[in-house]
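Presented below is the structure to which this report refers.
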Amino acid sequence: MSNTIRPRDPTRQTPVLLQKRPDYIIDEAERFYESTSPYVPLLIYKQKGIGISDPKFTTVVGMGAIVTEVARDYATVPSSGIAWATALPSSLGGPGELQLRDEWTRWTAQVKEALQSTASNMQRNSTAAAQLRVRRLVKLQAAFGFTTLDLAAVLAISRQQLYKWFDAESDVKLHEANRMRLGAVERIAERWMSRSQIPLSSLSRDTLASGANVFTMLSLDTLDESTIVGAFDELEARIADKPRTRTQRLRDAGFTRRKRLLPPDE
Amino acid sequence: MTTTTGLGTWRQPPLAYVVAELAISPYYSMASKIAGLQDQLRESFPRTLEANELVIDGAKPSSQPLWRFISAEQTHGVQIGTRAISLHATSYIQSSDFLSRWAEILDTIQAEALNPFIERVGLRYIDLIVGSDERPPSDYLAQGLRGVSLDGAHSAGSMWAAAFQFEKMSVNLRAAAPAPQGMLLPPDFNALPLGKSPIMMTAEKWIKKERPIGFVDTDCVKAIGRVFNAIELSEIYGEMQKLASRTFKSVLSNFAKKEWV
């Protein structure tokens with residue numbers, strides 16, 4: 001423990017921010033600066049006398065967006081009735097500070113625009129075939145629930161290749177052998193889904209009567225669909241014989257989860 | 001060359017031919033785009049055939065060029081013309097595989113910046129009824145499609161056609177059970193020179209032996225009226241496939257479902 005007080009280090013926030021997407025970082029930075037920027041409502045008085053006759057409020061918000069134009073017959077006076085976290089400067093700050101804020105505003109706007117156009121470009125670069133490929137793989141995962149490594153083994157490709165297949169912006173083209181394998185695995189997945197909604201992964205390594213397990217059968221170079229579907233019959237029987245969990249028994253008895261009675265805080 | 005794979009995921013699939021087609025506004029400079037398309041499709045469709053089609057559009061019929069890119073196994077073919085672009089298949093593992101191949105064709109059209117105006121899109125399935133155990137083809141259709149029977153006569157040909165309008169698209173259905181003698185594929189159907197599917201080979205043998213066969217022609221059509229967009233069209237074809245499948249199953253008898261599915 002140190003003997004000296006450690007002032008709050010704003011750079012501690014940096015690692016957290018850097019983990020987020022770049023435009024999110026910029027949004028947060030903007031919010032940070034907006035919360036500390038001078039919020040300057042101005043009271044415009046008539047030139048003759050200081051009495052508040054026909055006052056007009058002009059609010060100024062944000063960095064660098066300071067009202068610079070002044071009506072000819074009016075003088076702008078910073079209001080003294082505003083509570084500030086720090087002392088209100090007697091002037092709105094020298095040209096240097098305003099210039100910095102303007103540059104920051106310009107930079108954030110430019111970066112945001114660049115990020116948004118990149119995001120839209122990335123979306124446009126996704127092809128119809130790639131999106132369909134990803135949808136097929138997602139459907140497979142919903143049926144099987146395998147890990148990436150296991151799914152790659154079932155599809156007879158490497159894990160890196162599977163990551164590329166899952167990338168909708170990747171223009172990888174499937175070879176005929178890949179198409180046939182993917183089609184066969186899809187057929188098997190459909191047969192499993194028609195039997196049970198439970199992901200196959202929870203049962204795929206259970207030893208069957210034949211001594212093998214379904215995952216091993218799915219990982220072979222040549223898929224014997226009829227044998228695998230036959231194994232599904234055995235697995236389906238095992239599911240039926242498994243004792244029901246407490247949640248399942250309660251649901252069967254008609255009990256449901258209690259819904260939130262209180263409105264959300266938002 | 002023939003294919004050895006039965007079409008579809010059914011146990012004894014009756015599917016013989018599948019076509020996905022884009023009907024486009026007349027594209028007069030298509031010939032200048034063919035070289036680029038051929039390069040893009042060469043890996044999957046290495047063989048190129050040239051043909052002509054007679055277009056009766058307006059007062060004067062004209063002959064328009066057609067380009068056909070065929071796969072090495074002759075199971076798939078892409079046909080490109082000035083009025084339509086289509087993918088034909090006599091090998092159909094399952095819908096997702098066929099639609100993936102079609103999506104690749106759409107992406108190629110997008111990449112080559114053809115930007116055709118799409119009038120309408122279509123997805124067509126031709127199923128052949130080749131009955132087992134000498135059963136008549138009409139046994140495979142729902143009761144309402146079997147027509148009338150007359151004492152002392154046997155049906156030499158019976159066709160039924162209907163158009164179903166759904167919310168966003170329509171399905172034209174034609175069923176023939178039995179098909180007129182010698183008719184293998186529906187009339188007005190222009191097939192590519194692809195390898196015949198196993199069911200087609202069997203049906204041809206039956207025709208030669210003068211045994212009756214039938215067919216079911218399911219054609220799902222949707223009007224588009226927009227400039228080409230590959231991703232949007234790919235999604236539309238997914239919906240069309242589901243609708244076509246649902247319509248086809250509704251015309252089958254229980255006996256057909258038991259035998260085929």
Side-chain angles (χ1 to χ4, degrees), chain A residues 120-144 155 157 164-195 222-230 232-233, chain B residues 3-11 13 20 22 39-46 71-76 87 89 91-113 118 121 228-242 245 261:
Chain A
S120 62
N121 279 342
M122 280 164 63
Q123 200 172 10
R124 281 200 295 273
N125 286 343
S126 176
T127 61
Q131 289 190 8
L132 189 53
R133 182 185 70 233
V134 171
R135 280 201 292 271
R136 291 171 76 182
L137 291 173
V138 165
K139 219 172 155 184
L140 272 185
Q141 272 297 51
F144 288 150
L155 292 172
I157 54 175
K164 284 184 189 172
W165 283 20
F166 264 115
D167 185 0
E169 288 148 30
S170 167
D171 62 350
V172 62
K173 283 202 173 142
L174 303 185
H175 297 299
E176 199 59 35
N178 292 140
R179 288 185 207 273
M180 301 293 284
R181 182 81 181 198
L182 180 58
V185 173
E186 274 181 315
R187 279 198 299 275
I188 293 168
E190 276 171 28
R191 299 295 279 271
W192 174 251
M193 293 281 276
S194 66
R195 283 169 161 74
T222 308
L223 291 176
D224 186 348
E225 289 183 46
S226 55
T227 307
I228 294 171
V229 172
F232 287 168
D233 294 332
Chain B
T3 64
T4 55
T5 311
L7 276 68
T9 56
W10 291 5
R11 194 161 39 87
L22 303 173
D39 288 339
Q40 294 270 346
L41 297 173
R42 195 186 303 280
E43 191 182 341
S44 301
F45 302 94
S71 67
E73 302 84 15
Q74 286 187 254
T75 55
H76 295 80
L87 173 66
S91 171
Y92 184 92
I93 300 170
Q94 57 197 57
S95 61
S96 54
D97 177 73
F98 177 80
L99 293 176
S100 288
R101 293 173 194 265
W102 181 230
E104 287 172 15
I105 306 296
L106 297 176
D107 288 334
T108 302
I109 296 169
Q110 185 97 47
E112 288 297 307
I118 308 298
V121 296
F228 182 91
N229 182 305
I231 292 175
E232 183 192 342
L233 288 171
S234 177
E235 287 172 6
I236 289 172
Y237 273 95
E239 293 170 19
M240 289 167 72
Q241 184 276 324
K242 288 181 183 132
S245 175
V261 180

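Note that the structure is a prediction, hence the values are computed from the model and not measured. A note on names: the letters A, B, ... follow the listed sequences, proteins ahead of strands, and every chain is numbered from 1.
- Contact of A/Arg136 with chain B is made through the side chain alone, with heavy-atom distances under 4.5 Å.
- A salt bridge between A/Asp167 and A/Lys164 is absent, with no side-chain N of the basic residue lying under 4.0 Å from a carboxylate O of the acidic one.
- Looking only at atom types and distance, the side chain of A/Ser226 has a donor-acceptor partner in the side chain of A/Asp224 under 3.5 Å away.
- A donor-acceptor distance shorter than 3.5 angstrom exists from the side chain of B/Thr108 to the backbone of B/Glu104, with no hydrogens or angles considered.
- Proximity to chain A (any heavy atom under 4.5 Å) is shown, for B/Leu99, by both the backbone and the side chain.
- Among B/Ser96, B/Ser100, B/Ala230, B/Ser234, the residue making the largest number of heavy-atom pairs under 4.5 Å with chain A is B/Ser96.
- Only the side chain of A/Glu176 comes within contact range of chain B, with at least one heavy atom under 4.5 Å from a heavy atom of that chain.
- B/Trp102 and B/Tyr237 have perpendicular rings, their planes meeting at more than 60° on a 0 to 90° scale where under 30° would count as parallel.
- In this structure, A/Glu190 does not pair ionically with A/Arg187, as no charged nitrogen and carboxylate oxygen lie closer than 4.0 Å.
- Proximity to chain A (any heavy atom under 4.5 Å) is shown, for B/Asp97, by both the backbone and the side chain.
- The contact between B/Glu43 and chain A is made entirely by side chain atoms (from C-beta outward), counting heavy-atom distances below 4.5 Å.
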